[in-house]
Amino acid sequence: GGGGVGARHHTPAATHRPPGNGGNGPAAVPRDPMAIERANLLKMANLSVKGLIESALSFGRTLDSDYAPLQQFFIVMEHCLKHGLKVKKSFLGQNKSLWGPLELVEKLCPEVAEIVTSVRDLPGLKTPLGRARAWLRLAMMQKKLADYLRIIVFRKDLFSEFYEDHAVMMEEEGMVIVGLLVGLNVIDANLCVKGEDLDTMVGVIDFSMYLKGDNDNNGCFESDGQISAILDQKNYVEELNRQLNSTVGSLQGRVSSLETANSKLIEELAIAKNSIIRLQEENLQFRNDNVEMLITAQKQLELEKQSMSEDLEACRGCHPGMDDVYNEAHRQLRAESRLRQDVESDLLVQISMKQEIEIAMKLLEKDIHEKQDALVSLRHQLEEVKAINVEMFKKLKGSEDGLKQKSEMMSQLEEKTHRVTAAMKQIEQRLQQAEREQEMEEKGSYKCRHELGGKVEMLQRASDQKEQQLIQLETDLKIEKEWRRALQNDLKRERNTISELRAQTQQLSALKKEFLGLQE
């Protein structure tokens with residue numbers, strides 16, 4: 001595919017020889033044909049991308065499938081991707097499939113899976129070439145064509161299965177082409193892939209679109225330079241506005257999520273406060289019960305000690321076998337003391353739990369205060385972003401109004417220049433016609449003077465009339481010159497207005513820099 005295009009381009013370069021001294025000089029070293037093909041494809045890609053961007057900016061709206069520069073761009077990209085493809089042999093013969101490398105891009109970049117799925121679901125595509133063409137158009141609409149083809153350039157070890165070593169995508173020219181494709185992200189394309197016959201389309205490059213005269217190109221570039229610059233600024237401001245809207249949406253989502261989290265934390269705090277109050281009441285009740293149990297136990301213990309001591313003294317004298325009863329009572333006393341120690345340890349555990357709950361409550365309150373502060377700061381940021389968005393919208397509207405005014409002024413200036421050039425051409429034509437008439441009259445008078453002596457008076461009268469006509473023409477010429485001077489003065493004034501418009505565009509660029517500073 002790409003070899004045929006390169007052959008048409010490199011034939012004159014390959015056969016050219018520098019002049020020598022009668023053919024005795026050293027012969028020129030022949031260049032590599034593959035290198036010439038790559039250079040030709042790179043130049044065609046550069047011309048197609050540059051022409052597409054300039055024509056799209058002057059076009060001023062979304063491009064569709066019928067736009068001729070866009071069709072030529074896809075044809076050039078198809079030739080670049082086909083260059084150096086390896087031939088695969090099968091039972092049906094030899095085949096160069098462009099769809100194979102694009103399927104490998106899907107495995108290396110998961111984002112391409114959506115395009116590949118859409119291409120496979122298209123009902124009218126039956127050949128791998130048609131699917132590859134649809135893939136290029138869908139990637140162009142996503143503004144990811146440069147990102148996807150960059151994978152082919154950087155992973156040469158994997159794509160060498162499909163391409164020869166001398167292919168464009170395997171050499172430095174592929175890097176340059178991918179860099180050129182980044183500029184296409186400023187173009188909006190709305191392509192209807194389903195209705196096109198991509199299988200049987202003939203990819204022929206129309207060189208007449210790129211072989212125009214320099215004068216036409218320079219005139220077109222000079223007339224559209226300022227408008228394209230202002231359109232670039234407009235597209236940049238619109239893109240920045242979309243980014244600000246997305247950031248505003250994300251900040252609003254974060255604010256709403258933080259508000260829900262704050263409400264949940266407030267509810268949890270209220271629940272925690274209620275549980276802490278309930279635990280404090282239970283702890284106080286446990287303390288009171290513990291104090292009452294301790295007092296009653298101490299009183300019972302003192303009473304039992306007194307009674308046991310009295311009974312012991314009484315029984316020692318009467319019954320010497322009461323030592324066992326005394327030992328049993330002593331064991332009961334020890335059990336009561338252990339029970340008292342257990343109750344005191346439970347009381348200490350309840351006190352430590354209360355302290356931990358108080359610390360957790362303080363930490364929870366601190367976290368809630370921090371989140372409330374973060375919520376307030378996010379609201380301030382949201383208000384600032386909204387203010388910046390409103391200001392940028394006003395600037396965008398002002399720049400659009402200025403663009404309309406400047407385009408109207410440019411059209412008026414072009415009409416005036418056309419009128420001035422037409423008037424100058426008419427003046428020149430009339431001057432040339434007067435000179436020719438004067439020469440013809442002089443020749444006729446000279447001949448008639450020698451041939452017809454008797455008609456001298458008539459010729460003199462005719463010459464007088466012609467001289468009067470000449471005088472009249474000279475006066476008309478003077479009037480036309482004065483009108484031309486007046487038109488030149490008008491042209492100078494219009495040039496001054498153009499310089500003022502350029503100053504205004506510089507002010508717009510300064511506003512753009514200020515906006516970038518505000519964004520940073």
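A salt bridge is defined here as a Lys NZ or Arg NE, NH1 or NH2 lying under 4.0 Å from an Asp or Glu carboxylate O, and Asp147 with Arg150 meets this definition. Ion pair Lys143/Asp188 flagged as a salt bridge, since at least one NZ, NE, NH1 or NH2 atom sits closer than 4.0 Å to an Asp/Glu carboxylate oxygen. Remark: Asp157 engages Arg155 in a salt bridge, criterion side-chain N to carboxylate O under 4.0 Å. Salt bridge status for Lys144 with Glu111: present, with a side-chain N to carboxylate O gap under 4.0 Å. Taking a cutoff of 4.0 Å between a charged side-chain nitrogen and a carboxylate oxygen, Arg379 and Glu383 do not qualify as a salt bridge. Glu103 and Arg120 are joined by a salt bridge, as a carboxylate oxygen and a charged side-chain nitrogen come within less than 4.0 angstrom of each other.
Note that CE of Met44 is 4.5 Å distant from CD1 of Ile205, once rounded to the nearest 0.5 Å. Note: Ile368 CD1 to Glu268 CD = 8.0 Å, rounded to the nearest 0.5 Å. Note that the CE atom of Met361 and the CG atom of Leu363 stand 11.5 Å from one another [nearest 0.5 Å]. Here the CD atom belonging to Glu173 is positioned 11.5 Å from the CG atom belonging to Leu180, to the nearest 0.5 angstrom. Distance check, rounded to the nearest 0.5 Å: CG of Leu303 to NZ of Lys299 gives 9.0 Å. Atom CG in Leu347 sits 10.0 Å away from atom OG in Ser352 (nearest 0.5 Å).
Among residues two or more places apart in sequence or in another chain, the side chain to side chain donor-acceptor pair (under 3.5 Å) test is passed with Arg278 by none. The salt bridge (Lys or Arg N to Asp or Glu O under 4.0 Å) search around Glu336 returns none, not counting sequence neighbours.
Gln252 is not listed as a side-chain neighbour of Val255, based on a closest heavy-atom distance of 4.5 Å or more. Between Leu382 and Lys386 the shortest side-chain heavy-atom distance falls below 4.5 Å. Using a 4.5 Å heavy-atom cutoff, the side chains of Leu145 and Leu136 are in contact. With contacts defined as side-chain heavy-atom distances shorter than 4.5 Å, the pair Trp99/Val116 qualifies. Side-chain atoms of Leu70 and Leu191, non-hydrogen and from C-beta on, do get closer than 4.5 Å to each other. Between Lys50 and Glu54 there is a side-chain heavy-atom pair separated by less than 4.5 Å. Put simply, the side chain of Arg131 does not reach to within 4.5 Å of the side chain of Lys126, judged on heavy atoms. Side-chain contact between His79 and Ile75 is present, with at least one heavy-atom pair separated by less than 4.5 Å.
Under a 3.5 Å cut-off, the side chain of Asn46 and the backbone N or O of Leu42 do not form any donor-acceptor pair. Counting only distance, with no hydrogens or angles, the side chain of Asn283 and the backbone of Leu279 share no donor-acceptor pair below 3.5 Å. Under the 3.5 Å distance criterion, the side-chain polar atoms of Asn40 are matched with a main-chain donor or acceptor of Ile36. Checking side-chain atoms of His83 against main-chain N and O of Ala167 turns up no donor-acceptor pair under 3.5 Å.
Heavy atoms only, all atoms of each residue included: Cys80 and Ala45 are closest at SG-CB, 4.4 Å. Between Phe73 and Val49 the shortest heavy-atom distance is CE1-CG2, 3.7 Å. The two residues Gly253 and Ser256 make their nearest non-hydrogen contact at O-OG, 2.7 Å. Between Ala134 and Leu125, the shortest heavy-atom contact is CB-CD1, 3.7 Å. In terms of heavy atoms, Arg133 sits closest to Leu198 at NH1-O, 2.7 Å. Ala146 approaches Val178 most closely through the heavy-atom pair O-CG1, 3.6 Å.
Counting heavy atoms of neighbouring residues, nucleotides and ligands inside a 6.0 Å radius, atom CD of Glu344 exceeds 12 of them. Other residues, nucleotides and ligands contribute at most 12 non-hydrogen atoms within 6.0 Å of the CG atom of Asp165. Heavy atoms of other residues, nucleotides or ligands lying less than 6.0 angstrom from CD of Gln71 number more than 12.
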For this session: Could you walk me through whether Leu81 and Tyr163 pass the side-chain contact (heavy atoms from CB on, under 4.5 Å) test, one step at a time?
Result: CA-CA 9 Å; Leu81 291 173; Tyr163 287 102; 4.1 Å; yes

Problem set entry | side-chain contact (heavy atoms from CB on, under 4.5 Å) between Leu52 and Leu184, worked out | CA-CA 8 Å; Leu52 181 59; Leu184 296 177; 3.9 Å; yes

For this session: For the pair Arg287 and Ile351, evaluate side-chain contact (heavy atoms from CB on, under 4.5 Å) and give the outcome as yes or no after the intermediate values.
Result: CA-CA 10 Å; Arg287 277 188 180 181; Ile351 291 169; 3.2 Å; yes

Problem set entry | salt bridge (Lys or Arg N to Asp or Glu O under 4.0 Å) between Glu164 and Lys86, worked out | CA-CA 6 Å; Glu164 301 287 348; Lys86 290 184 178 179; 5.3 Å; no

For this session: Mind running side-chain contact (heavy atoms from CB on, under 4.5 Å) on Phe286 and Val291 for me, showing each step along the way?
Result: CA-CA 8 Å; Phe286 284 147; Val291 169; over 6 Å; no

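A cation-pi arrangement is found for Arg137 relative to Phe74, the charged atom lying closer than 6.0 Å to the ring centre and inside a 45° cone about the ring normal.
In the model, His166 has no side-chain atom that pairs as donor or acceptor with a side-chain atom of Glu171 under 3.5 Å.
Using the six-membered ring where Trp is involved, Trp135 and Tyr148 have ring planes that are tilted, between 30° and 60° apart.
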